[in-house]
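Would you mind keeping the following structure in view while I ask a few things?
A, B, ... follow the sequence lines: proteins, then strands. Residue 1 opens every chain.
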Amino acid sequence: MSNQDLAQMFLDIADILEIKGVQWEPRAYRKAALTISTLAVDISDIYRQGKLMELEGVGPSISKSIEEYIKTGKMSKYEKLKKEYPIDFTGFRKIQGLGPKRAYALYKELKIRNVDDLKAALEKNKIRGLEGFGEKSEEQLKHNLESFMKVREERKMLGYAIDYFEDIVGRMRKSELFEDVEIAGSARRMKETVGDLDILATSKRPKEGMEFFTKLKDINEIIVKGDTKTSVKLSIGLNCDLRIVDGKCFGAAMQYFTGNKDHNVKLRKIAIGKGLKLNEYGLFRGDKSIASHTEKEVYNALGMDLIEPELRENTGEIEAAQKRSLPVIIGYDQVISDLHTHTLDSDGANSLEEMIAGAQRLGHKYIAVTNHSKSLRIANGLDEARFSSFNKKIEKINESSGIKVLKGVELEILKDGSLDLPAKVLREMDFAIGALHQNTKMPRKELTDRLLKAIQSGLINAVAHPTGRKIGEREAFDLDFQKIFEACKSNDVSLEIDGYPERSDLPFDLVKEAKSYGVRFSLASDAHRTDQLRFIRMATAIARRGWLEKKYVINSLDYRQFLKLKR
DNA sequence: GCCGTTTTCGGCCCGACTGTTTTCAGTCG
């Protein structure tokens, strides 16, 4: 049982109620599902503390359902509805363009209950011709089935999983059964999505260590269990491998199990070229190990500088390390601000004061509060008057607060490239981020020109989540990024690196490309609630994966220097 | 079903887009 499972059940309930034509309950269940799925802690912990009702969107009825589910593993409301509508809504939700109503229509007409049934029906072209479906719907379903299933099913977003991972590792460290416990694999490389968790440890009592590990509460199922390697299924639905290695070769093992594969293949080739052999136990000349204790030793012995885990993608980092020309990438502690956040004045869940306190807890020196502008009505965007009074509130707070607050806006770039607020209002802002949210399915040239017009306006400081992609949900905009990068450079407009897990936008490869144009970057959590402020770490990870030195990241400027950027 | 300095009852984001309609339903954000 996990937060995600519970959230999916509530979403199923919402879907079924919607099919039944129930008016408002679906919305309530969806809201509760959203709250639960973005929780940083296990829902059963909240239940034990008796604090279920304090969760946003959880009232008497839903909290009873949660309690029932935690206690019995079942939820009667869910079971009853599911019996009436035996449809795999959870699976269908992953397919774009297939909502509850159409899923029900497919079930009613063709007895399609799950994704496999759908696949079969699509192959036989059975769906075109159904009422409400035509040839195009069928083609679209085929396409979306292909392109969105995989990533959703097999990988998790690291931004959500990392605290859970570190909690597991933390409890292992506390047990004192291990000398070292570290995360390896793609999680260590801080990849946006991860397919499993690799943990590496050293221990004088490996049997007890393995025993302790398999009894952790997060482990649902043991796949294999041995003295040096154990594989389990975690409660969040990912596999996890724990390897216990000899302390003497911990560095070599970390190197080996951190990857990625291509990076390691190239290192092994280099080793062979030097008459050496590299494996998880060390770098060997004949039978003699010449480096294995630390990763640094291994890299140095191969004739190169240590390469940070975030860079290990075999995209030129090895060559740069050999030439001793790797960039000194920005450190997690050098990002001293968050430049894109929301409060409940637009679509956030916490007050300005709460968000400021949250940012202060993370050690930020300043924070830009960037609520939506008026045209994004879905997000309760602010108009001139509301911004004016909101900004006065910020000025008041800045008189006394230790942490500084920037007057910001996530500003709609309208269909014709004009901006959603007048220049006069924007000049009063400290930080304006232009954003595309609506009418984004334009032809490449039109959409590019629209964004260029905003960049050249002289009124925005940055471009929010530039590609607009959402991992596993929505593809990136069709934009001519070379033109965008050039314009950003010549107009001194930053590109945002949005650390909100689904966004992770700009993606690291584009960051690297943009850097070559001399563009600067603004890092942000895009937090809509205080516990999402932690996503700044994911933004920093992307900056590092994109080879950014400190000087490219405007969040590293101190408050005074930052204000000089003001347009 | 949840929520509350407009409310403990009566509201609950609503407009754009798409494909299927021949005036609209479903989905999305």
Q: Using the P atom on both, measure dG15(B) against dT5(B) and round to a whole Å.
A: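 The same atom, P, in both gives a distance of 26 Å.
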| said: Please give the distance between the C1' atoms of dT20(B) and dA25(B) as a whole number of Å. | reply: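 It works out to 9 Å between them.
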Detail all sub-3.5 Å separations between protein N/O atoms and N/O atoms belonging to nucleotides 8-11 of chain B.
none

Fill in: Test: Asp12(A) and Lys82(A) ion pair at under 4.0 Å
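Result for this pair is yes, salt bridge flagged.
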- Task: Using a 4.0 Å heavy-atom cut-off across all strands, classify Lys77(A) as base, sugar-phosphate, or nothing.
- Result: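 The answer is sugar-phosphate, as Lys77(A) gets under 4.0 Å only of primed atoms, P, OP1 or OP2.
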Sugar-phosphate, base or nothing in reach of Ile13(A), heavy atoms under 4.0 Å: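 No contact.
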Legend entry - Any Ser137(A) side-chain N or O less than 4.0 Å from OP1/OP2 of dT18(B):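 Result: no.
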- Query: Is the ring centre of Tyr366(A) less than 6.0 Å from the ring centre of Phe562(A)?
  - Reply: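 Yes, the ring of Tyr366(A) comes within the 6.0 Å limit of the ring of Phe562(A), centre to centre.
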For this session: Give the rounded distance in Å between these two atoms: OH of Tyr78(A) and P of dG1(B).
Result: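 So the two atoms are 17 Å apart, to the nearest Å.
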**Message:** Using the P atom as the point on both nucleotides, what is the distance between dG1(B) and dT6(B), in whole Å?
**Reply:**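 Going atom to atom, P in each nucleotide, I get 27 Å.
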Base-pairing assignment for dG10(B) (Watson-Crick or G-U wobble, both under 3.5 Å):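 The base-pairing partner of dG10(B), which may sit in any strand shown, is dC3(B).
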Between dG10(B) and dT22(B), how far is it from one P atom to the other, in whole Å?
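So the two P atoms sit 41 Å from each other.
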Query raised in the report: Whole-Å distance between dG26(B) P and Phe133(A) CZ?
Result: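 Value for this atom pair: 10 Å.
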**Q.** Steps toward side chain to side chain contact (heavy atoms under 4.5 Å, CB included) verdict (Leu436(A), Leu447(A))
**A.** CA-CA 9 Å; Leu436(A) 296 169; Leu447(A) 192 63; 4.1 Å; yes
Checklist entry - Is the closest basic N to carboxylate O distance between Lys51(A) and Glu56(A) below 4.0 Å? => result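 A salt bridge is absent here (no side-chain N lies under 4.0 Å from a carboxylate O).
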Report task. May I have the distance from Phe89(A) (atom CZ) to dT27(B) (atom P), rounded to whole angstrom? Result ->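 Roughly 10 Å, once rounded to whole Å.
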* Taking NZ, NE, NH1 and NH2 as the nitrogens, is one of them in Arg30(A) or Glu18(A) under 4.0 Å from a carboxylate oxygen of the other? ->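 Looking at Arg30(A) and Glu18(A), the cut-off is met.
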Handout entry: Nearest-Å distance once atom P is located in both dG26(B) and dT21(B)
Key =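 Looking at atom P only, dG26(B) and dT21(B) are 13 Å apart.
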Euclidean distance, atom CZ of residue Arg469(A) to atom C1' of dG29(B) [Å, nearest integer]: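 Spelled out: CZ on Arg469(A) to C1' on dG29(B) is 18 Å.
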Does a side-chain N-to-carboxylate-O contact under 4.0 Å join Lys445(A) and Asp480(A)?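 Asp480(A) and Lys445(A): not salt-bridged.
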ask   = Which nucleotide in the list dG19(B), dC2(B), dC17(B) gets nearest to the side chain of Pro60(A)?
value =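 From the listed options, dC2(B) comes nearest.
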*asked:* Suppose we call two aromatic rings close when their centres sit under 6.0 Å apart. Are Phe92(A) and Tyr107(A) close by that rule?
replied: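 Centroid separation for Phe92(A) and Tyr107(A): 6.0 Å or greater.
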- Message: Can you tell me which nucleotide in dC2(B), dG15(B), dC17(B) comes closest to the side chain of Arg377(A)?
- Response: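 So the side chain of Arg377(A) is nearest to dG15(B).
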_Rounding to an integer number of angstrom, what distance separates dC17(B) and dG11(B) when you compare their P atoms?_
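My reading of the P atoms in dC17(B) and dG11(B) gives 31 Å.
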Expressed in angstrom and rounded to an integer, what is the separation of Lys31(A) atom NZ from dG4(B) atom C1'?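 So the two atoms are 12 Å apart, to the nearest Å.
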Q: Give the rounded distance in Å between these two atoms: CD1 of Ile66(A) and C1' of dC2(B).
A: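 Computing the Ile66(A):CD1 to dC2(B):C1' distance gives 13 Å.
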Interatomic distance where CE belongs to Met53(A) and P belongs to dG1(B) [whole Å]: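 Interatomic distance, CE of Met53(A) to P of dG1(B): 13 Å.
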Exercise. Looking for any heavy atom pair under 4.0 Å, which part of the strands does Glu138(A) touch: base, sugar-phosphate only, or nothing?
Worked result: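 Here Glu138(A) touches no strand at all.
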* If you check every side-chain atom of Lys101(A), which of dG1(B), dC2(B), dG26(B) has the closest atom? ->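 Between dG1(B), dC2(B), dG26(B), the one nearest the side chain of Lys101(A) would be dG26(B).
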For dG29(B) and dT23(B), measure between their P atoms and round to the nearest Å.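 To the nearest whole Å, 29 Å.
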Closest-nucleotide ordering on DNA chain B, the 5'-leading residue of Ala103(A) and Gly59(A):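 Comparing both residues, the 5'-ward one is Gly59(A).
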Report task. Using the closest heavy atom to pick a nucleotide of DNA chain B for each, name whichever of Arg27(A) or Glu18(A) lands nearer the 5' end. Result ->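 Taking each residue's closest nucleotide, the earlier one in sequence belongs to Arg27(A).
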* To do: Identify whether any heavy atom of Val22(A) sits under 4.0 Å from a base atom; if not, whether one sits that close to sugar-phosphate; answer base, sugar-phosphate or nothing.
  =>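 Contact class for Val22(A): none.
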Practice problem: Quick one: closest heavy-atom pair of Phe10(A) and Ala33(A), and the distance? | Solution: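 What the structure gives for the nearest pair is CB-CB, 4.0 Å.
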Check: Does Lys483(A) reach the main-chain N or O of Thr448(A) with its side chain, forming a donor-acceptor pair under 3.5 Å?
Finding: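 Looks like no, no N/O pair under 3.5 Å.
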Could you tell me how far dG4(B) sits from dT8(B) if I compare only their P atoms? Round to whole Å.
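Roughly 13 Å separates the two P atoms.
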Inset, instruction - Could you tell me whether Pro26(A) contacts a base, only the sugar-phosphate backbone, or nothing, with contacts defined as non-hydrogen atoms closer than 4.0 Å? - result: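 No contact.
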_Can you measure Ile378(A) atom CD1 to dC13(B) atom P for me and round it to whole angstrom units?_
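One finds 10 Å between P of dC13(B) and CD1 of Ile378(A), rounded.
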